[in-house]
Amino acid sequence: MSRDHVQSAERSAAEAPPAAPTGVETPFLELLARGASADAYEQPVLLARAEGRPAETIGGLERAKVLALRVRAELEGRRRREAELSALFETAHDLAGLRDLDAVLKAIVQRARSLLGTDVAYLSLNDPERGDTYMRVTEGSVAARFQQLRLGMGEGLGGLVAQTARPYVTDDYFKDARFQHTRTIDAGVRDEGLVAILGVPLTLGHHVIGVLFAADRRARVFEREQIALLGSFAALAAAAIDTANLLTETRSALAGLERANEIIRDRSAVIERASDVHDRLAELVLRGGGVHDVAAAVSQVLDGTVEFTEAADTFAAPLEASRAEGHAVRHADDWIAAVTAGGELLGALVLHGHPGLDPVDQLTLERAAMVTSLLLLARRSAADAEQRVRGELLDDLLDARDRDPRLLRERACRLHADLDSTHVVLAARLDGPAADAEQEAAARRRLGAAASHLAATRHGLAAARDGGTVLLLPLTAGETATGLARRTARQLGTAVHEPVTVGASAPVRDLAAHPDHVAAGYAEGRRCLEALRLLGRAGDGAAAEDFGFLGLLLAGDRDIAGFVDRTIGQVVAYDERRGTDLVRTLDAYFTCGMSPARTKDALHVHVNTVAQRLERVGRLLGDDWQDPGRALEIQLALRLHRLSAPAQH
């Protein structure tokens with residue numbers, strides 16, 4: 001069914017009577033359950049008309065059909081977004097463990113082609129030495145000439161993308177005059193049989209280094225979401241290329257360090273001091289020293305004061321000069337050596353009060369800066385490795401794959417975690433708006449990093465799951481699950497600069513012997529998280545204990561919808577059939593202390609209207625509906641009904 005048809009049906013449903021008769025939604029729920037096509041949703045309406053059903057019933061079926069189609073479209077959209085995000089996460093995971101650049105780029109092109117459903121996907125890179133661009137990776141291509149194309153800068157659709165650094169799409173390549181056609185390019189495209197082409201730039205900083213394409217052999221209109229998705233894959237491809245370049249630059253830096261040491265050893269006049277510097281720095285690295293230890297060691301050798309500092313505005317100009325030149329530079333009476341890794345500025349080593357520095361000492365300071373960058377990279381790599389190990393252990397506990405208590409304890413012990421102590425399982429999720437899929441993925445990465453850091457400092461575990469993060473944190477003496485959830489929400493929100501909602505389980509114990517407790521706790525934490533969102537408490541943290549009797553419902557497998565239906569279902573159904581306001585009147589009546597006079601003020605109606613509505617409620621629920629026991633159940637059902645209302649919008 002077309003989008004215009006669905007929108008027209010929605011407008012008709014909005015102009016029709018308020019609600020559908022009870023039971024008309026059943027055939028559509030069955031269609032939703034078995035994943036039927038959109039055309040199948042017309043059958044219940046056509047059947048009712050063929051059977052000569054009343055106009056009210058047919059109208060109700062039309063409205064139920066519109067709602068069912070809306071739910072189906074939403075489900076399909078969510079499944080599509082889930083597949084897209086999964087592919088992006090898998091690609092990011094490949095990038096994190098980059099070993100073979102060609103394999104990563106191939107995976108990116110394959111996944112882009114699969115998710116966009118195109119015939120062909122390909123990636124081209126610029127060649128600065130030859131001044132042109134060439135095909136690097138293709139997927140789905142069958143023409144040899146197309147796969148070997150080399151294009152001059154500014155030629156074809158790719159040239160237009162490279163010039164403007166913006167995505168471009170053409171529905172019919174050969175009829176599009178916005179870009180420069182050449183015989184070579186057109187011949188290759190014609191060999192491949194391409195018609196519709198979408199191209200997005202691969203950028204590093206402000207520079208375009210290539211273009212990622214998706215193309216079909218038939219006319220096609222690419223939607224905005226598909227353009228954004230291909231752009232996300234292009235960003236990952238650019239990051240993969242940049243990472244490979246950084247690895248090459250790091251190897252070159254190491255090679256440069258080795259060459260420098262050879263030069264120092266050859267200079268007999270300074271060999272003793274250079275050897276001393278080398279030995280001290282090597283010893284620091286071997287015994288796990290930090291950047292401040294390096295600064296202290298160089299201070300002794302150079303007979304001055306050396307400190308490591310983050311990039312600061314005070315040294316902005318000389319620091320940039322040091323990074324650009326690759327040497328230490330003088331700044332007033334100080335010397336500054338940039339600490340870099342590839343193109344990333346990590347900080348600086350500053351030698352204070354030592355204006356007269358001979359070339360050997362300058363080289364010593366520069367080599368110390370290089371060792372400092374290696375130590376910082378090693379620390380980052382170790383943190384990444386520990387984060388992965390913590391996530392793998394928590395994944396095993398959640399999935400209950402490794403049930404050997406001894407092995408679980410040993411793995412946890414290596415991470416300074418104690419599975420025999422009391423823990424709380426926390427489900428955390430971002431609640432801030434995301435402009436696009438790329439920003440959402442970046443926000444989730446920040447949340448994962450912040451959660452991993454928090455878990456490491458608290459001797460717990462953390463892992464990404466279900467579009468958010470799950471943490472397993474120990475519960476200290478005098479601490480409650482509620483307090484831990486609120487503090488975690490506050491700490492994570494501060495770290496990522498966005499609201500983070502956290503739901504916590506009740507305390508769980510004996511996790512090594514009973515890893516299934518972790519999965520049960522996670523399910524409970526997620527239910528608490530959803531309850532917080534329904535209550536409009538995004539960015540807060542809570543446990544089941546915070547919800548009173550509602551917490552008992554959240555903590556177990558309770559039939560909440562059935563309870564509401566049994567308690568006030570007749571009133572809700574009466575409102576749906578008649579378009580009345582009995583549920584709101586009943587809610588206001590209890591809120592106003594069961595006072596008709598205050599109720600009529602709250603509803604802005606006459607007191608006789610309140611009395612008539614309550615009389616109708618009595619006929620629907622029975623004469624004992626105001627007895628204390630029944631009244632408590634009715635109030636609880638009203639609250640649950642109200643909490644579930646936002647999910648229906």
Side-chain angles (χ1 to χ4, degrees), residues 81-82 85-86 89 92 383-384 386-399 415 417 422-434 439-476 479-508 511 517-547 551 554-555:
R81 288 192 294 274
E82 184 175 275
L85 290 176
S86 176
F89 290 153
D384 292 342
E386 180 180 347
Q387 177 179 341
R388 287 194 295 271
V389 173
R390 289 181 184 275
E392 289 169 359
L393 176 55
L394 184 50
D395 282 335
D396 286 347
L397 289 170
L398 286 167
D399 299 333
L415 297 171
T422 302
H423 286 73
V424 171
V425 185
L426 303 108
R429 188 160 57 194
L430 290 165
D431 273 298
Q439 290 191 8
E440 183 177 355
R444 289 183 178 179
R445 287 195 298 272
R446 291 197 302 272
L447 176 62
S452 297
H453 177 73
L454 178 61
T457 57
R458 287 289 304 267
H459 304 295
L461 305 174
R465 182 160 288 218
D466 299 323
T469 300
V470 54
L471 298 96
L472 181 68
L473 300 181
L475 195 64
T476 60
E479 192 175 33
T480 64
T482 297
L484 182 58
R486 290 176 178 170
R487 184 165 60 256
T488 301
R490 186 169 56 252
Q491 291 173 336
L492 293 179
T494 301
V496 303
H497 306 293
E498 289 188 34
V500 178
T501 307
V502 177
S505 71
V508 292
L511 301 183
H517 290 179
V518 179
Y522 176 53
E524 182 178 335
R526 288 192 66 190
R527 287 194 292 268
C528 289
L529 188 151
E530 292 301 329
L532 285 172
R533 299 185 72 194
L534 287 172
L535 291 169
R537 291 172 57 186
D540 200 356
E545 62 192 28
D546 297 313
F547 295 93
L554 294 171

Rounded to the nearest 0.5 Å, how far does [atom2] of [Y] lie from [atom1] of [X]?
| X | Y | atom1 | atom2 | answer |
| --- | --- | --- | --- | --- |
| Glu498 | Arg444 | CD | CZ | 11.5 Å |
| Leu484 | Gln491 | CG | CD | 8.5 Å |
| Leu461 | Ser452 | CG | OG | 10.0 Å |
| Leu426 | Glu524 | CG | CD | 11.0 Å |

With side chain to side chain contact (heavy atoms under 4.5 Å, CB included) as the test, would you mind laying out the steps for Thr422 and Val508 before giving the verdict? CA-CA 6 Å; Thr422 302; Val508 292; over 6 Å; no

Quick one: does any side-chain atom of [X] pair with a main-chain N or O of [Y] as donor and acceptor, under 3.5 Å?
| X | Y | value |
| --- | --- | --- |
| Arg486 | Asp540 | no |
| Thr501 | Gly539 | yes |
| Ser505 | Val424 | no |

Provide the closest heavy-atom pair for [X] versus [Y] in the form atom of the first, atom of the second, distance.
| X | Y | value |
| --- | --- | --- |
| Ala450 | Val496 | CB-CG1, 4.2 Å |
| Pro507 | Leu475 | CG-CD2, 3.8 Å |
| Ala428 | Leu492 | CB-CD1, 4.0 Å |
| Ala462 | Ala451 | CB-O, 3.7 Å |
| Ala481 | Ala504 | O-CB, 3.9 Å |
| Cys528 | Ala542 | CB-O, 4.1 Å |

Might you work through the side chain to side chain contact (heavy atoms under 4.5 Å, CB included) test for Val425 and Leu471, ending with a clear yes or no? CA-CA 6 Å; Val425 185; Leu471 298 96; over 6 Å; no

Derivation and outcome, side chain to side chain contact (heavy atoms under 4.5 Å, CB included), residues Leu511 and Leu472: CA-CA 10 Å; Leu511 301 183; Leu472 181 68; 3.7 Å; yes

Pairs meeting criterion salt bridge (charged side-chain N to carboxylate O under 4.0 Å, His left out) with involvement of residues 448-459, two or more places apart: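 Found Arg458-Glu479.
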
Output, in order, the C-alpha distance, side-chain angles, deciding distance and verdict of salt bridge (charged side-chain N to carboxylate O under 4.0 Å, His left out) for Arg526 and Glu530. CA-CA 6 Å; Arg526 288 192 66 190; Glu530 292 301 329; 5.2 Å; no

Side chain to side chain contact (heavy atoms under 4.5 Å, CB included) between Arg533 and Arg429, intermediate numbers included: CA-CA 10 Å; Arg533 299 185 72 194; Arg429 188 160 57 194; 2.7 Å; yes

